[in-house]
Amino acid sequence: VQLEESGGGLVQAGGSLRLSCVVSVRTFSTYALAWFRQAPGKERECVASISWGGANIYYPDSLMDRFTISRDDAKSTVSLQMNSLKPDDTAVYYCGLVWTGDRDYVPMGYFNIDYWGKGTLVTVSS
């Protein structure tokens with residue numbers, strides 16, 4: 001399994017960014033996907049996750065008005081649209097995958113994730 005994120009960069013507060021993650025798996029299986037972030041000195045936290053079927057989505061309450069996750073299984077990608085960015089959103093953003101046979105399962109903790117990408121840095125300037 002390989003996950004490769006892209007789309008990070010420097011943006012001013014109030015701006016938007018769209019992150020993408022290409023998912024490469026050798027065998028067909030079913031999996032949920034998630035975006036996490038980790039700021040210096042802080043724990044890795046989930047910012048959005050989406051179930052295998054795409055019908056179930058999780059956001060922390062503090063982010064649901066600004067972040068949107070989506071997946072395109074035909075293109076093997078998962079994306080994160082981030083709007084109204086704030087300096088506190090500055091972090092390395094990671095794409096994560098977890099194997100699951102439950103169509104509705106959404107991971108919320110970093111310990112749930114089976115595979116990680118290398119991350120992409122998002123810096124929001126004030």
Side-chain angles (χ1 to χ4, degrees):
V1 175
Q2 289 185 323
L3 305 169
E4 185 170 358
E5 304 94 338
S6 62
L10 175 64
V11 64
Q12 289 188 332
S16 298
L17 277 177
R18 185 177 181 85
L19 306 182
S20 293
C21 175
V22 177
V23 180
S24 301
V25 295
R26 290 189 176 183
T27 58
F28 175 79
S29 188
T30 55
Y31 48 86
L33 294 164
W35 285 97
F36 282 70
R37 68 184 180 188
Q38 189 165 21
K42 294 188 177 181
E43 191 171 277
R44 192 170 295 192
E45 62 173 346
C46 182
V47 299
S49 57
I50 187 166
S51 62
W52 158 35
N56 202 13
I57 291 175
Y58 164 77
Y59 302 103
D61 289 343
S62 59
L63 297 176
M64 64 170 42
D65 291 337
R66 299 191 294 118
F67 287 15
T68 302
I69 189 172
S70 60
R71 64 186 288 171
D72 185 339
D73 290 332
K75 296 182 179 179
S76 296
T77 59
V78 58
S79 299
L80 183 70
Q81 178 67 41
M82 305 185 294
N83 299 326
S84 302
L85 284 163
K86 306 174 182 179
D88 285 347
D89 295 318
T90 295
V92 178
Y93 284 71
Y94 297 90
C95 177
L97 177 152
V98 55
W99 300 118
T100 179
D102 181 349
R103 295 185 66 92
D104 294 323
Y105 172 73
V106 284
M108 299 179 192
Y110 65 87
F111 43 84
N112 297 134
I113 301 299
D114 294 320
Y115 295 94
W116 294 100
K118 294 182 179 180
T120 185
L121 177 62
V122 172
T123 304
V124 184
S125 63
S126 56

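If you're wondering where the values come from, they're calculated on a predicted model, not measured in any experiment. Residue numbers count from 1 along this sequence.
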Less than 3.5 Å apart, which donor and acceptor atoms pair up between the side chains of residues 118-126 and the rest of the protein, not counting sequence neighbours?
| unit_1 | atom_1 | unit_2 | atom_2 | d |
| --- | --- | --- | --- | --- |
| Thr120 | OG1 | Gly8 | N | 3.2 |

- [ ] Look only at the side chain of Tyr110 and the backbone of Glu43, and say whether a donor-acceptor pair between them is shorter than 3.5 Å.
- [x] no

Task: Partners meeting ring pair (Phe, Tyr, Trp, His ring centres under 6.0 Å) with Tyr94 (sequence neighbours left out) - done: none

Task: Shortest non-hydrogen contact from Tyr93 toward Met82 - done: CE2-SD, 3.7 Å

TODO: Please find out if less than 6.0 Å separates the ring center of Trp116 from that of Phe36.
DONE: yes

TODO: State whether the side chain of Arg71 and the backbone N or O of Ser51 hold a donor-acceptor pair below 3.5 Å, judged by distance alone.
DONE: yes

- [ ] Treating Ile, Leu, Val, Met, Phe, Trp and Tyr as nodes and any side-chain heavy-atom pair under 4.5 angstrom as an edge, say whether Trp35 and Ile50 lie in one connected cluster.
- [x] yes

TODO: Kindly work out whether a path of hydrophobic side-chain contacts (I/L/V/M/F/W/Y, heavy atoms less than 4.5 Å apart) joins Met108 to Ile57.
DONE: no

Open item on the list: Run Tyr59 and Asp65 through side-chain contact (heavy atoms from CB on, under 4.5 Å) and show every step you take.
Closed with: CA-CA 9 Å; Tyr59 302 103; Asp65 291 337; over 6 Å; no

Task: Joint cluster assignment, Val92 & Phe111, ILVMFWY side-chain distance < 4.5 Å - done: yes

Task: Test log, rule side-chain contact (heavy atoms from CB on, under 4.5 Å), inputs Val25 and Tyr115 - done: CA-CA 11 Å; Val25 295; Tyr115 295 94; over 6 Å; no

Open item on the list: Checking the side chain of Asp114 only, and the main-chain atoms of Trp99 only, is there a donor and an acceptor separated by less than 3.5 Å?
Closed with: yes

Open item on the list: Return the OG1 to CZ distance between Thr90 and Arg37, rounded to the nearest 0.5 Å.
Closed with: 9.0 Å

Open item on the list: Distance check, rounded to the nearest 0.5 Å: Gln38 atom CD versus Glu45 atom CD?
Closed with: 9.5 Å

Open item on the list: Test your reading of the model: is there a side-chain donor-acceptor pair from Arg66 to the backbone of Ser84, 3.5 Å cut-off?
Closed with: yes

Task: For the student: nearest non-hydrogen atoms of Gly96 and Ile113, plus distance - done: CA-CG2, 3.8 Å

Task: Backbone of Pro107 reached by a side-chain donor or acceptor of Ser49 within 3.5 Å - done: yes

Task: Heavy-atom pair with the smallest gap, counting every atom of Thr100 and Asp102 - done: OG1-N, 3.0 Å

Task: Stepwise side-chain contact (heavy atoms from CB on, under 4.5 Å) check, Tyr31 with Val23 - done: CA-CA 11 Å; Tyr31 48 86; Val23 180; 3.9 Å; yes

Task: Nearest-0.5 Å distance, CG of residue Asp89 to CZ of residue Phe67 - done: 4.5 Å

Open item on the list: When you measure from the side chain of Glu5 to the backbone of Cys95, do you find a donor-acceptor pair of N or O atoms at a distance under 3.5 Å?
Closed with: yes

- [ ] Specify the closest pair of heavy atoms between Ala48 and Leu80, including all atoms of both residues, with the distance to one decimal.
- [x] CB-CD1, 3.9 Å

TODO: Locate the shortest heavy-atom distance separating Ser16 from Asn83; write the atom from each residue and the value.
DONE: OG-OD1, 3.0 Å

Task: Interatomic distance, Leu19 atom CG to Thr77 atom OG1 [nearest 0.5 angstrom] - done: 12.5 Å

Open item on the list: Run Ser79 and Arg18 through side-chain contact (heavy atoms from CB on, under 4.5 Å) and show every step you take.
Closed with: CA-CA 7 Å; Ser79 299; Arg18 185 177 181 85; 3.6 Å; yes

Open item on the list: Nearest 0.5 Å, please: how far is CD1 in Ile69 from SG in Cys21?
Closed with: 9.5 Å

Open item on the list: Within this structure, what is the CG-OG1 distance for the pair Leu63 and Thr68, rounded to the nearest 0.5 Å?
Closed with: 10.5 Å

